[in-house]
Amino acid sequence: MHQATVLLTGGSGFIGTHLIKELLAQDFKVISLSRKAGRVSKSPHLTWLQSFDEMKHDRIDYVINLAGESIGQGRWTATRKQQLIESRVNTTELLYEYLHKRKIFPKCIISGSAVGYYGIDETEMWSSACDEQSPAQAIFMSELCQRWEHVTALYPEQNTQIIRLGVVLAAGGGILPQMLRPIQMNLVSKIGHGRQPLVWVHIQDAIRAIFYLMKQADLSVLQTENTVNVRQAVYNVVAPERTTQADFSIVAARQLNKKPMFNMPSVIFKILLGEQAQLILNGQFVKPSALLAQGFEFKFPTLKQALQDILGT
């Protein structure tokens, strides 16, 4: 019986590390690309490579493209912005060029993106929520996602599923420890007025969504006004609950049995982070409309359920 093979980029990252464990547990063979040299796996079903030049496989059943440096680390200088772009766009270009050159057509390619695609609400009213059809914006976080996704559109012969991820919550990794630290210290409660959106997803639901799309690959035909049977679809991988930053502080404080004393003025973040402060102070509410329409069920649909699981409370 054929052991299905998954080609994974970004395997040494936060989501990739969790995903590899689940892929191996479900008896997939994994070929993972990482920029870190000398990685060796103890599992005979996991192979680490540094570049596509090392690839010797013509049978690839699925591709999961999660490559990209963390957008929240490092101030957005011109140099840092270029690094963020190159780590996503260049790797994605190399991936599709490799598949095209070798004439490899996986059952589906699941390619990463983020809800930053939808940009911010300049009115700061946040009265509505974006779905997969909502437009992008002419700001950096949105343009980064647009350029990342544009590469995949150049190869319509591939069955590509784009996943726009929210903030992924998990124990011992990602951004959650930083979010919890001021609450654990009984310091900061709200940031600014606290009404700004926090769009998140539990790591287990993010991984479950990826597996779900792998199984639903044959149903991922998208029709548009201009093109019929374009083999590409977009999915917001976010929890269905509408959550604000203040909601997070309240729920987390209750789970940790803490009572933070102070609010952090938004002007501090604007001074310290400049344009990057948009990640904390603004955004858009986002709905997982496409996943829900296809019948996907979230294991952790509310923040309370997610933090109870992660924190063991």
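Start at 1 with the first residue, then count along the sequence.
Note that the CE atom of M185 and the CG atom of L187 stand 5.0 Å from one another [nearest 0.5 Å]. For the atom pair H193 NE2 and S266 OG, the distance stands at 7.0 Å (nearest 0.5 Å). R59 contributes atom CZ, which lies 11.0 Å from atom CD1 of I104 (distance to the nearest 0.5 angstrom). Taking SG of C145 as the reference point, atom CG of L165 lies at 10.0 Å (rounded to 0.5 Å). Note that the CZ atom of R242 and the CG atom of L303 stand 15.0 Å from one another [nearest 0.5 Å].
Side-chain atoms of S111 and N65 form a donor-acceptor pair, as typed in the model, at a separation below 3.5 Å. Side-chain N/O atoms of Q50 and E54 include no donor and acceptor closer than 3.5 Å. For the residue pair K29 and Q3, no side-chain donor N or O sits within less than 3.5 Å of a side-chain acceptor on the partner. Under the 3.5 Å distance criterion, with hydrogens and angles disregarded, a donor-acceptor pair is assigned to the side chains of S113 and E149. Judged purely by distance below 3.5 Å, without hydrogens or angles, the side chains of Y117 and Q137 never pair a donor atom with an acceptor atom. Defined by atom type and a distance below 3.5 Å, a donor-acceptor pair is missing between the side-chain atoms of T79 and Q83. Under the 3.5 Å distance criterion, with hydrogens and angles disregarded, a donor-acceptor pair is assigned to the side chains of N236 and Y118. Between the side chains of Q161 and N159, at least one donor N or O lies within less than 3.5 Å of an accepting N or O. For the residue pair E22 and Q26, a side-chain donor N or O sits within less than 3.5 Å of a side-chain acceptor on the partner. The closest side-chain donor-acceptor pair between Y96 and T160 falls under 3.5 angstrom.
Using modelled atom types, one side-chain atom of T17 and one backbone atom of G13 make a donor-acceptor pair closer than 3.5 Å. For W126 (side chain) and G283 (main-chain N/O), a donor-acceptor pair under 3.5 Å exists by modelled atom type. A distance-only check finds no donor-acceptor pair linking the side chain of D61 to the backbone of V6 [under 3.5 Å].
Environment of CE in M125: sparse, with no more than 12 heavy atoms of neighbouring residues, nucleotides or ligands closer than 6.0 Å. No more than 12 heavy atoms of other residues, nucleotides or ligands shown are found within 6.0 angstrom of CZ on R147. Within 6.0 Å of CZ in R254 there are 12 or fewer heavy atoms belonging to other residues, nucleotides or ligands.
V267 is connected to L281 through a chain of hydrophobic side-chain contacts under 4.5 Å among Ile, Leu, Val, Met, Phe, Trp and Tyr, so both are in one cluster. Placement of F28 and L46 within a single hydrophobic cluster is found when ILVMFWY residues are connected by side-chain heavy-atom separations under 4.5 Å, directly or transitively.
Ring pair Y212/F296 is perpendicular by interplanar angle, where above 60° counts as perpendicular and below 30° as parallel.
For A306, the side-chain contact (heavy atoms from CB on, under 4.5 Å) partners at least two apart in sequence or on another chain are W200, H202, F300.
Of all heavy-atom pairs spanning S87 and G68, the tightest one is OG-CA, 3.5 Å. Taking all atoms of both residues into account, the shortest heavy-atom contact from A252 to L180 is CB-CD2, 3.8 Å. Across all non-hydrogen atoms, the minimal contact from Q276 to I71 is NE2-O, 3.5 Å.
Judged as a salt bridge (charged side-chain N to carboxylate O under 4.0 Å, His left out), not a single pair has a partner in residues 2-11 (not counting sequence neighbours).
Residues K81 and E275 are paired through a salt bridge, judged by an N-O separation under 4.0 Å between the basic side chain and the carboxylate. The existence of a salt bridge linking E69 and R80 is confirmed by a sub-4.0 Å separation between a basic side-chain nitrogen and an acidic carboxylate oxygen.
You'll find the side chain of L311 reaches within 4.5 Å of the side chain of L256, heavy atoms only.
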Side chain to side chain contact (heavy atoms under 4.5 Å, CB included) between L7 and L95, intermediate numbers included = CA-CA 10 Å; L7 171 59; L95 166 64; 3.8 Å; yes
